[in-house]
Number of protein chains: 2
Amino acid sequence: MEIPQKEDILKRFPQFEQSLLDDILAHSTIREVEEGEEVMRTGQYIRSTVLLLSGLLKVYREDDEGNEFLMYYLEPGNACAMSMMCTARDEQSQIMAKAVTEAEVILIPSHLSEQWLAKYKSWHNFVIASYRQRFEELLQTLDSIAFKGLDERLLFYLKRHVKVSGKEIRLSHQQIALELNSSREVISRLLKKLEQTGAITLHRNYIEVHDLELV
Amino acid sequence: MEIPQKEDILKRFPQFEQSLLDDILAHSTIREVEEGEEVMRTGQYIRSTVLLLSGLLKVYREDDEGNEFLMYYLEPGNACAMSMMCTARDEQSQIMAKAVTEAEVILIPSHLSEQWLAKYKSWHNFVIASYRQRFEELLQTLDSIAFKGLDERLLFYLKRHVKVSGKEIRLSHQQIALELNSSREVISRLLKKLEQTGAITLHRNYIEVHDLELV
DNA sequence: GGACTTCAGTGACTAGTATCACAGAACCAA
DNA sequence: TTGGTTCTGTGATACTAGTCACTGAAGTCC
């Protein structure tokens, strides 16, 4: 794989200072992951902080019976907050992360990302901001599960999906059901209802979104 | 109110270094809050980091319709992770925190808790550890809402309550229903079932817990 | 084109939870 | 003791979501 240039990283992380960029280039490794590949598994030990350079990752929770639900998506320029937190104590991951599209991630050895907190102000700020952002997104997810019916959760899910990957949602009903921890038939029915309002059009394996706001 | 002594703080936060303790004593204020008082409200601006010295706080989420659910409890020696995160950018709180019993909190001005991250290793570790711990508890709560039936959630709730405040749970069914975002009748029925297994005994306004593990 | 596979749509049924209505028990205050 | 208030228990009913069974439509491979 070609080695990414400083400019590539700078483009995604414009807030980093020069010397930090140099440090990143010098000491971290880049990994290219394929679509569908698991970047992080529940129970796995974490030895690096994960930054996303390109592509899209989904971060989700999985229980012992194989149920799952989506926590949030990570876009280029984001970091996996869990990887930062675990980092500090060499702990196990509590979550799953999977590449939705093919993606490039930067892996920073734990001890360095730890050192950099003190060394680089911009890194420190980035870490704190990441924590906060993920915490907030998690709270939103929690809200929608705790307070909303499945119809609203589906809407929320679709909106989020549109935001990260556009108005053509290339997912089967089955996949959506999985991420919402529901079942295909129920999702099918709800989508059908949404189609009747004119907000979306259903096709095989993809959903065309027109306008979700006016539902 | 009497000014708490270094020893009092040290007892709750034994991991702090001497000079940090001095800084805390010199620059933070202590507030005594009554039972039922709200320490933090959704939408409120946060200008201090909150440490809990004594008593018990519950941290919960509230939506626009007045529904709520419990996120976790804070015990002496804990910090409110949200207050730390908001701190960094002078942001609004996303959560509610209320005193379950009367309590003493230490309020550290945001700019100081920010500075101390770089200045004191022990403070930095404490903050990171707090983030992580709260994140994990939040994930547990999320799991139980997403994957479990109300019966298991109730069990989880009771166990957690026992852990922080003992085997006499002084709550009405109504209050429990509120924290689980359910309704009184349903909670009554589930508790009744639990009583029949011998795990608890029901009284007016309190529940006597015998053994929740064998249910 | 025909066989096969995957995906989507739909009716019938079930389980879990919420809501409504009411009754009785415990506690409190005059 | 009496009346008021809060808390608890319980039946009836409704609604949401999950499950089962089946059908047809779309795409794939030969």
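Excluded from the calculations below are hydrogen atoms, water molecules and symmetry mates; all remaining heavy atoms, backbone and side chain alike, are included.
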Rounded distance in Å - CD (B:Q174) to P (D:dT5): 18 Å

Gap between atoms CD1 and P, on A:I176 and C:dC7 respectively (whole Å): 12 Å

Separation of atom CD1 in A:I187 from atom C1' in C:dA8, rounded to whole Å: 13 Å

B:R160 charged N/C atom sitting above B:Y72 aromatic ring, 6.0 Å / 45°: no

Under 3.5 Å, which protein N or O atoms sit close to an N or O of nucleotides 13-17 of chain C? Give each pair with its distance.
residue	atom	partner	partner atom	Å
C:dT17	OP1	B:L150	N	2.6

Over 12 foreign heavy atoms within 6.0 Å of CD, B:E38: yes

Among D:dA21, C:dA18, D:dG9, the one nearest A:R184 by side-chain distance: D:dA21

Audit row: B:E179, B:Y60, side chain to side chain donor-acceptor pair (under 3.5 Å) steps and yes/no: CA-CA 8 Å; B:E179 301 207 324; B:Y60 60 102; over 6 Å; no

Any pair counted as salt bridge (Lys or Arg N to Asp or Glu O under 4.0 Å), so long as it reaches residues 163-172 of chain B, sequence neighbours left out: B:E168-B:R170

Touch class at under 4.0 angstrom, heavy-atom based, for B:L191 against every strand present: nothing

Phosphate OP1/OP2 of D:dG9 contacted by B:H173 side-chain N/O (<4.0 Å): yes

Euclidean distance, atom CD of residue B:E185 to atom P of C:dA23 [Å, nearest integer]: 15 Å

Distance in angstrom units between B:K193 NZ and D:dT10 P, rounded: 13 Å

Set out, line by line, the N/O atom pairs under 3.5 Å between protein and nucleotides 24-30 of chain C.
residue	atom	partner	partner atom	Å
C:dA26	N3	B:R204	NH1	3.4

Sugar-phosphate, base or nothing in reach of B:S172, heavy atoms under 4.0 Å: sugar-phosphate

Per B:R189 side chain, nearest of listed nucleotides D:dC20, C:dG9, D:dT10: D:dT10

Whole angstrom value for the distance that separates C1' of C:dA8 from CD of A:E208: 17 Å

Polar contact flag, side-chain donor to acceptor under 3.5 angstrom, B:N67-B:R61: no

Parallel, tilted or perpendicular: ring planes of B:F135 versus A:F135, cut at 30 and 60 degrees: perpendicular

Whether A:Y206 and A:H203 hold their rings parallel, tilted or perpendicular, with breakpoints at 30° and 60°: parallel

Distance-only polar pair, side chains of B:S54 and B:E104, donor-acceptor under 3.5 Å: yes

Parallel, tilted or perpendicular: rings of B:F16 and B:F13 (30°, 60°): parallel

Whole-Å distance separating the CD atom of A:E65 from the P atom of D:dG18: 15 Å

Interatomic distance, B:L178 CG vs C:dA18 C1' [rounded to whole Å]: 15 Å

